[in-house]
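Here the structure is laid out as structure tokens; the discussion comes afterwards.
Source: prediction; values computed, not measured. Just so we're on the same page: letters track the sequence lines, and every chain starts at 1.
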Protein chains: 2
Amino acid sequence: MALSERKKRILAAVVDAYIDTAEPVGSKAIAENAGLGCSSATIRNELAELVAMGYLEQPHTSAGRVPTAKGYRLYVNELMDKQKLSIEESEDINRRLNQKLQELDDTISDVSRLASQLTNYPAMALTTREAVTIVRFDLIYVAANTFIIVVLLSDHTVRNKLVRLPISVDEKMIRKLATLFNANFTHIGEEAITPVLIGSTERSADDTMGITAVISSFALEVLSSSSAPAAFVSGENRLLNQPEFRDPDKAHRLMSYLSGGGQLLPAESGLFDSSEVRVLIGPENVAEELKDSSVVIASYDAGDNTRGLIGVVGPTRMDYSAVAAKLRFLADGLSRRLGGGEAPPAGMHNKLIIKGDRNDE
Amino acid sequence: MALSERKKRILAAVVDAYIDTAEPVGSKAIAENAGLGCSSATIRNELAELVAMGYLEQPHTSAGRVPTAKGYRLYVNELMDKQKLSIEESEDINRRLNQKLQELDDTISDVSRLASQLTNYPAMALTTREAVTIVRFDLIYVAANTFIIVVLLSDHTVRNKLVRLPISVDEKMIRKLATLFNANFTHIGEEAITPVLIGSTERSADDTMGITAVISSFALEVLSSSSAPAAFVSGENRLLNQPEFRDPDKAHRLMSYLSGGGQLLPAESGLFDSSEVRVLIGPENVAEELKDSSVVIASYDAGDNTRGLIGVVGPTRMDYSAVAAKLRFLADGLSRRLGGGEAPPAGMHNKLIIKGDRNDE
DNA sequence: TGTTGGCACTCTTTATTTCCGAGTGCTAAT
DNA sequence: ATTAGCACTCGGAAATAAAGAGTGCCAACA
């Protein structure tokens with residue numbers, strides 16, 4: 001059953017007003033501001049019906065109306081005006097993006113920090129990585145008891161580790177091991193690195209000193225840490241800006257949920273795919289702690305078959321329109337810079353460097 | 001002018017009581033609990049004098065007494081019983097330490113997280129690095145337009161970067177560059193990498209494609225990011241556990257100061273040296289935002305001429321004794337594991353790996 | 001001189017009451 | 001269907017009252 005045009009406008013007015021005052025909104029205010037030509041009494045009737053239909057509710061008899069989750073949902077889906085960013089805003093985002101991506105790389109910690117600053121809400125960023133494999137091993141002989149393992153991954157990430165042994169190894173052994181590992185350990189998944197494989201490699205190399213074990217455990221570590229989605233939360237404290245979190249206990253609950261990794265956040269379902277900004281309103285969230293907050297999520301292409309997710313958390317009364325616009329823009333910016341082509345975009349002169357090393361949070 | 005023995009005991013009793021109730025403590029409570037054989041009236045007289053001397057104050061006439069910064073200072077210096085950790089506690093810390101240090105390495109983010117969990121206060125970790133130099137360059141030829149830069153630093157850290165060029169380079173060129181960089185760019189500081197040096201290297205290599213520039217800018221980046229002290233804050237939200245931060249505004253101020261890097265925190269003076277735990281009480285802090293909080297700091301040996309700092313922030317009414325004991329233990333544990341000897345401690349079998357790569361926050 | 005019980009006084013906290021007004025729902029008129 | 005009017009409700013603020021915790025001081029005492 002569809003809502004009349006007028007009901008929609010009224011609902012929108014309520015949500016808009018509530019979003020910026022955080023106070024229940026009354027019929028009179030709507031009649032005056034929302035510029036539809038009827039009096040408060042009429043509005044009252046409509047409001048009563050909207051309450052009956054479950055779009056609004058009132059904290060107590062004789063208070064203004066407040067949107068329900070259902071009301072927000074409709075608002076987000078149909079009513080809200082898709083906000084465009086002002087020129088200054090988008091330029092600001094671009095500037096920061098360039099700045100970040102120049103010196104460091106796409107560390108999710110930067111992305112989340114940026115999102116949080118932009119929206120003034122706590123933000124979380126995470127990436128899923130496709131199954132990654134090792135493409136190439138290099139062992140660099142440094143000294144009799146020291147060498148460096150360098151590993152190139154299929155997502156074009158490089159990882160390394162300095163190994164110091166209690167005993168000496170000669171360069172030949174190192175070279176032999178490198179060859180063996182390149183032959184046996186590349187292009188295979190974590191699960192394929194079995195004790196059997198390790199054992200046989202060890203024998204082929206005549207390695208009696210456990211170096212094979214060291215290298216393969218590094219390989220395992222790298223593969224598992226690369227495939228595990230990494231997450232980073234920042235700006236938890238911004239919650240305290242919101243009047244709904246003036247209660248320290250409530251604030252604390254959510255904040256510690258967030259800082260505690262809260263991977264449950266938006267890490268399910270096919271959220272990564274859609275290029276649309278998604279909104280999860282109050283009870284639509286799975287995590288108990290988020291049942292009366294909202295989450296706005298955008299996903300971006302992080303290059304190399306990796307997708308990233310940016311999420312922002314706030315009260316249900318959150319400025320969906322503005323947040324969505326900002327995240328959309330940010331995600332697009334990231335995709336444009338990180339994603340897509342193997343070939344570096346034209347005009348990147350001093351930025352031939354595409355990827356550096358990374359450490360997970 | 002020294003305090004009488006009894007005054008000291010009374011002061012200690014006040015501080016102890018206040019630390020765990022967070023409420024002004026009255027004469028009666030002391031008379032009953034602090035087991036010194038005199039009545040509340042006597043205590044009252046003593047309290048009045050302690051107030052006059054500036055060790056205590058009362059929020060208003062007819063309220064109990066609360067320690068002043070001066071009072072806490074005396075307490076910390078002389079009165080508090082240096083707490084020893086219980087066996088369970090120290091075992092717990094050790095266990096976590098081992099766990100952390102095994103898989104990842106001494107990333108300050110882990111250290112700060114650990115400190116925060118242990119003390120239940122926000123914590124910050126940071127390190128100063130001595131001037132670091134590059135000890136060795138390796139360039140790994142991957143494909144015609146791709147190579148990896150691997151750099152070994154004087155602090156035994158390894159950094160790497162994958163470089164993809166818009167054009168082809170042959171392996172000979174890569175090798176030539178590696179030789180040149182090893183000859184010209186090792187064991188020198190950031191400031192010694194001048195445009196002149198870069199230019200002359202470029203000419204010697206017959207490099208017309210700007211590869212020299214890429215490599216040297218990476219070198220610069222690595223050197224500067226390694227020498228800049230890195231800091232990491234965690235557990236800001238734990239502030240909300242403290243009754244003194246029930247006021248959201250107050251909490252918010254401090255939290256955003258902390259999350260905002262708050263490098264001003266304890267990053268001055270020769271704090272890094274002393275092996276003692278330091279306490280900064282309320283107004284003793286330099287940062288305005290910390291004027292009514294306290295900071296407890298321990299420093300540890302992070303190996304390779306690097307020292308690290310662990311700091312914990314809380315209300316002036318903080319459990320100095322417990323926090324100090326925990327930090328002391330934690331710092332010692334870290335020093336033992338990271339610091340000192342070049343040689344890996346005996347008995348580390350599966351842990352031959354000493355250092356992995358690192359990324360700064 | 002130092003200690004102690006007693007007591008009046010102060011000032012905060014908490015509970016109770018009162019009051020005000022925003023906003024509603026309903027009804028009757030348009 | 002819309003609207004003006006009006007009685008009614010209910011939460012929140014302000015005002016008032018009561019309760020208690022703790023002090024300071026005095027006078028008595030060892």
- request: Ignoring backbone atoms, test whether B/Ser62 places a side-chain nitrogen or oxygen under 4.0 Å from the OP1 or OP2 oxygen of D/dG24.
  value: no
- line: Per the under-4.0 Å heavy-atom filter, residues of residues 44-52 of chain A near DNA chain D come out as A/Arg44, A/Asn45
message: Measuring to OP1 and OP2 of D/dA21, would you say a side-chain N or O of B/Arg65 lies under 4.0 angstrom away?
response: no
task: Could you state the atom-to-atom distance from CD1 of A/Ile43 to C1' of C/dG25 in whole Å?
output: 16 Å
message: With a cut-off of less than 4.0 Å, is there a side-chain N or O of B/Ser39 near OP1 or OP2 of C/dT3?
response: no
query: Between atom OH of B/Tyr55 and atom CG of B/Leu3, what is the distance when rounded to the nearest 0.5 Å?
result: 5.0 Å
message: Determine whether B/Arg246 and A/Asp249 satisfy the following criterion, salt bridge (charged side-chain N to carboxylate O under 4.0 Å, His left out), listing intermediate values before the conclusion.
response: CA-CA 9 Å; B/Arg246 292 204 69 75; A/Asp249 294 329; 3.6 Å; yes
Salt-bridge criterion met for B/Arg96 and B/Asp92 (N-O under 4.0 Å): yes
message: Base, sugar-phosphate or nothing for B/Ala63? Non-hydrogen atoms, less than 4.0 Å.
response: sugar-phosphate
field: Nearest-angstrom distance from the residue atom NE2 of B/His60 to P of D/dA21
entry: 13 Å
- prompt: Can you tell me if the side-chain N/O atoms of A/Gln58 get under 4.0 Å from OP1 or OP2 in C/dA22?
  reply: no
- prompt: C/dT1 C1' sits how many Å from B/Arg6 CZ, rounded?
  reply: 12 Å
- prompt: Do A/Ser40 side-chain atoms and A/Ser27 backbone N/O form a donor-acceptor pair below 3.5 Å?
  reply: no
- request: Could you identify which residues of residues 8-31 of chain B place a heavy atom less than 4.0 Å from some atom of DNA chain D, listed by residue number, or say none?
  value: B/Gly26, B/Ser27
- prompt: With a 4.5 Å limit on heavy-atom distance, are the side chains of B/Tyr257 and B/Glu288 in contact?
  reply: no
- request: Output the distance between atom OG (A/Ser116) and atom CE (A/Met124), rounded to the nearest 0.5 Å.
  value: 12.0 Å
Heavy atoms of other groups near A/Lys28 NZ, more than 12 under 6.0 Å: no
message: Within the supplied structure, the quantity of interest is the number of heavy atoms (other residues, nucleotides, ligands) at a distance under 6.0 Å from B/Lys291 NZ; does it exceed 12?
response: yes
- request: Quick one: closest heavy-atom pair of B/Arg238 and A/His252, and the distance?
  value: CA-NE2, 4.2 Å
message: Looking at B/Thr61 and C/dT10, is any side-chain donor or acceptor paired with a base atom of the opposite kind under 3.5 Å?
response: no
